[in-house]
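So that the names make sense, note that chain A is the first sequence line, chain B the second, and so on, each numbered from 1.
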Amino acid sequence: MTKPSLDHLLADLNEPQRRAVECPGGPLLVLAGAGSGKTRVLTNRIAFLIAAQGVKPHEILAITFTNKAANEMKERVESLLGPIARTMWVSTFHAACARILRKEAQQLGYQRNFTIYDAGDQVRVVKRCLKELGLDPKRFPPKGIHAVISSSKNRLVDAEAFSEMVENFFDDTVAKVYTLYQKKLFANNAMDFDDLLMRTVDLFQRFPDRLEHYQKSFRQILVDEYQDTNHAQYMLVNLLAKQHRNICVVGDDDQSIYSWRGADVRNILDFEKDYPEATVIKLEQNYRSTQVILSAANEVISNNSDRKAKELWTDLGEGEPVRVAEMDDEHAEARFVAGEISRLERDACFRAAEIAVFYRVNAQSRVLEDTLIRYGIHYRVVGGTKFYERAEIKDALAYLLALDNPSDSVSFNRIINSPKRGIGAASVTVLSRFADAEGTSMLEAAARAGDIADLRPAAVNAMAAFSATMSQLAESAKSAQVAEILEETLVNSGYLEALSAERTVEAEGRLENLQEFVGVAEEYDSLHPDGSLREFLQEISLYTDIDKMTEVEEAITLMTLHNAKGLEFPVVFIIGAEEGIFPHSRSMEEQNIEEERRLCYVGMTRARQRLYFTYTTTRNLYGSRNYNMASRFIGELPEDLVEFERSRTTHGRFSGGMTGRVRFDDDIGEVDEPATSDEPNFFNVGDDVVHATFGSGVVIGVERGGTVAVRFAADGSERKLMVDYAPLRKA
DNA sequence: CTAAACCGACTTTTT
DNA sequence: GTCGGTTTAG
């Protein structure tokens with residue numbers, strides 16, 4: 001790869017973009033509106049610094065919020081500069097901190113193989129703390145306590161500082177839990193997500209030479225999505241930038257939607273106060289959406305106070321009006337969306353992959369999914385229950401973590417009786433007490449189960465067997481590749497066998513997930529032939545599903561508005577635009593309307609060509625019926641840019657007989673509704689059916705979501721099957 | 001110790 | 001409506 005010419009790096013940039021790329025150094029604030037080409041500015045700027053300013057790649061620290069964004073940036077810079085770009089630090093805050101902390105672990109008394117606990121693990125530890133302190137989890141909900149601890153860490157308030165500023169009884173209790181919680185993490189040689197940030201700042205403050213070392217080495221620092229940084233992250237970058245003051249932050253205050261996670265818009269709003277000599281550049285030309293969409297979004301967001309004035313514009317042309325549809329209920333809404341999608345694919349030649357539906361809460365996706373299945377529209381859901389949060393994946397992961405870090409008691413507790421080994425809560429408590437008394441890990445204690453007087457013989461045997469399995473696995477883990485270790489673990493632990501023995505549809509799915517996990521490990525092995533289990537775990541622990549979201553199959557995309565940030569689609573539906581849903585009732589209580597409005601702005605500005613809003617007059621959510629008004633955000637749309645329509649429903653018509661084939665054939669979606677009665681994939685209770693594998697049977701139940709329950713003649717087993725996927729037909 | 005029954009929570013979640 | 005956690009019965 002030859003050096004790119006500077007012209008190449010500056011070509012096709014507009015004036016402000018070019019100024020941002022060329023800015024030689026010093027503090028730089030780029031206010032980048034949605035779709036204004038900020039990623040391009042960021043990558044070209046990095047390349048420019050290296051090619052024209054003589055900055056070495058390893059002197060660059062570029063921070064993004066997702067691994068996906070980091071990888072994309074790395075790739076793009078690499079395509080500009082070639083492999084030397086690989087020595088750059090391009091990563092998330094958490095990954096950068098983990099890297100630093102692994103190197104400096106001894107300074108803080110940690111071992112470098114510390115485990116990183118995710119949110120679920122964290123709550124589990126809090127629960128244990130509550131138990132040990134004899135506190136009632138009803139009065140002190142673990143999740144709530146954890147939230148306080150987490151937000152304290154994000155504000156760099158450690159357990160000690162927290163204890164000193166206690167103001168009431170509740171906080172006093174939290175302080176005790178917080179202190180014990182930290183003690184436990186340390187004993188487990190573990191850190192939680194928030195620790196990664198807080199402890200790195202702590203490291204820098206306690207060991208100035210360490211700070212100086214990193215300050216010196218990072219000559220240029222760039223931070224993306226700066227509006228979403230929390231206090232700890234703010235401190236981190238500002239500490240690191242102190243020496244060279246070459247700090248470039250990019251963001252958009254109008255897209256700050258994570259304040260509830262500790263993000264502080266002040267960080268970006270006050271940048272010019274922090275750095276009075278800062279260069280400020282606004283990117284307002286949008287290369288994504290039609291002018292109608294932008295004008296509508298501008299109008300909505302202008303209802304917010306306390307923002308940096310910004311007005312997006314485009315030369316892509318006016319475009320279609322924003323369409324707003326009122327529907328009777330969530331089913332009609334779903335049918336409207338499905339009908340429009342069919343129409344767009346047929347008449348306007350949009351591909352499924354170009355269409356997305358956004359909603360405020362995950363629970364809204366279910367009805368939509370049911371309907372899409374019935375319409376035969378392929379979809380994929382981003383977010384929701386995440387792959388790495390599924391029980392079986394966490395179990396498998398816990399085995400690997402325990403092999404790598406024997407001190408990790410959270411992982412130990414997870415796997416000691418999974419699969420069932422007859423080691424119940426009582427035995428584990430005894431074991432835990434023994435481990436504490438002896439000052440050893442629980443795994444070590446299990447190996448010495450025979451020495452523990454209070455254990456039942458059966459439990460002793462089970463623990464000895466478990467311990468033997470673990471040491472055998474640890475032994476072979478020394479030389480094997482990750483995928484082999486994983487497979488061996490699943491087999492030798494008996495996990496796979498227990499799952500297979502269940503013979504249920506659920507277990508089937510879990511086995512598939514585990515297979516996929518093995519696939520992930522195989523991919524890692526082939527990508528990193530010299531990798532280790534530890535490095536694999538490191539990568540996995542900071543990984544989320546969104547990272548691997550690629551536009552592969554032809555399917556529409558379903559996700560929450562939060563997950564939509566940073567993405568774009570030619571066609572966007574925002575559903576459930578109702579007071580109480582969006583804006584969400586919780587945010588209204590907390591007076592966070594402005595953040596909801598920013599969320600709306602984010603959603604709208606994802607759309608390239610077509611934008612839809614839908615709302616319903618009545619909605620069933622969480623099992624009860626609600627009557628909502630249209631969202632205030634609908635009212636904030638400029639009338640002349642909107643095309644409004646209402647479902648032409650005759651109210652009160654229901655097709656009777658709840659046999660699982662309830663249909664309302666009375667609204668706009670009607671034209672595209674597939675026929676039900678002669679559908680090949682439609683079954684009623686009592687139908688005789690034949691399955692390719694299981695043989696003949698009878699339908700004993702019809703459920704929502706295109707699922708039928710079938711009892712099979714061969715073995716009398718009852719299975720739930722997806723009619724659209726299962727090889728099932730009427731006899 | 002395990003399985004069934006029961007109870008209540010439930011916004012969003014880049015790491 | 002569903003999940004996860006806790007209680008209770010076997």
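The listed nucleotides are B:dT14, B:dT2, B:dC1; the one nearest the side chain of A:Asn417 is B:dT2. Listed nucleotides B:dT12, B:dT14, B:dT15 differ in distance to A:Asn67; the shortest reach to its side chain belongs to B:dT15. In this structure, of B:dT14, B:dT11, B:dT15, it is B:dT11 that holds the atom nearest to the side chain of A:Arg360. Side chain of A:Ala426, nearest nucleotide from B:dT2, B:dC1, B:dT13: B:dC1. Among the nucleotides B:dT15, B:dA3, B:dT12, the one closest to the side chain of A:Asn362 is B:dT12. In this structure, the nucleotide among B:dT12, B:dC10, C:dT2 sitting nearest to the side chain of A:Tyr622 is B:dC10. When the nucleotides B:dT14, B:dT2, B:dC1 are ranked by their closest atom to the side chain of A:Ser427, B:dC1 comes out on top. Comparing B:dT14, B:dT12, C:dT2 by their nearest atom to the side chain of A:Arg366 picks out C:dT2.
Counting only distance, with no hydrogens or angles, the side chain of A:Gln122 and the backbone of A:Tyr117 share a donor-acceptor pair below 3.5 Å. Under a 3.5 Å cut-off, the side chain of A:Asp404 and the backbone N or O of A:Leu400 do not form any donor-acceptor pair.
When heavy atoms are screened at a 4.0 angstrom cut-off, A:Asp228 is found touching base atoms of the nucleic acid. Among the protein residues, A:Asp224 comes within range of no part of the nucleic acid, since none of its heavy atoms lies under 4.0 Å from any strand. Within the 4.0 angstrom heavy-atom criterion, no nucleotide atom of any strand lies near A:Thr229. Within the nucleic acid shown, A:Ile116 has no heavy atom closer than 4.0 Å to any nucleic acid atom. Among the heavy atoms of the strands lying under 4.0 Å from A:Tyr258 is at least one base atom, whether or not backbone atoms are also near.
Ring orientation note: the planes of A:Phe536 and A:Tyr524 are nearly perpendicular, at an angle over 60° on the 30°/60° scale.
With hydrogens and angles ignored, a donor-acceptor pair under 3.5 angstrom links the side chain of A:Arg261 to the base of B:dT15.
Distance, A:Asn620 CG to C:dT2 C1': 14 Å, rounded to whole Å. Atom P of nucleotide B:dC1 and atom CD1 of A:Ile416 are separated by 12 Å, given to the nearest angstrom. Protein atom CD of A:Glu596 is 8 Å distant from nucleotide atom C1' of B:dT12, rounded to whole Å. Counting to the nearest Å, the P atom of B:dT11 and the CZ atom of A:Phe582 are 16 Å from each other. Per the geometry, CG belonging to A:Asn154 stands 14 Å off P belonging to B:dT14, to the nearest Å. Between A:Glu330 atom CD and C:dG1 atom P the separation is 10 Å, expressed in whole Å.
A 6.0 Å sphere centred on CE of A:Met629 holds no more than 12 heavy atoms belonging to other residues, nucleotides or ligands. Within 6.0 Å of CD on A:Glu497 lie no more than 12 heavy atoms contributed by other residues, nucleotides or ligands.
Residues forming a side chain to side chain donor-acceptor pair (under 3.5 Å) with A:Arg199 (at least two apart in sequence, or on another chain): none. Applying the side chain to side chain donor-acceptor pair (under 3.5 Å) test to A:Ser150 and every residue at least two apart in sequence or in another chain returns A:Asp194.
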Let me have a per-nucleotide readout for nucleotides 5-10 of chain C, 5' to 3', with B, S or -, counting only protein heavy atoms under 4.0 Å.
S-----
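A salt bridge is defined here as a Lys NZ or Arg NE, NH1 or NH2 lying under 4.0 Å from an Asp or Glu carboxylate O, and A:Glu225 with A:Lys38 meets this definition. Ion pairing of A:Asp395 with A:Arg414 is present here, as a side-chain N (NZ or NE/NH1/NH2) and a carboxylate O approach within less than 4.0 Å.
Using a 4.0 Å cut-off on heavy atoms, none of the residues of residues 95-103 of chain A approach DNA chain B.
Residues A:Gly424 and A:Lys565 both approach DNA chain B. Their nearest nucleotides, taken by heavy-atom distance, put A:Gly424 toward the 5′ side.
Counting only residues at least two apart or in different chains, salt bridge (Lys or Arg N to Asp or Glu O under 4.0 Å) contacts with residues 90-102 of chain A are absent. Residue pairs meeting the salt bridge (Lys or Arg N to Asp or Glu O under 4.0 Å) criterion with at least one member in residues 618-630 of chain A, sequence neighbours excluded: A:Glu333-A:Arg619, A:Glu578-A:Arg619.
Regarding contacts with the backbone of B:dT11, every side-chain N or O of A:Ser585 stays at 4.0 angstrom or more from both OP1 and OP2.
Residue ring and nucleobase are not stacked for A:His562 and B:dT12 under a centre distance beneath 5.5 angstrom and an angle between planes beneath 30°.
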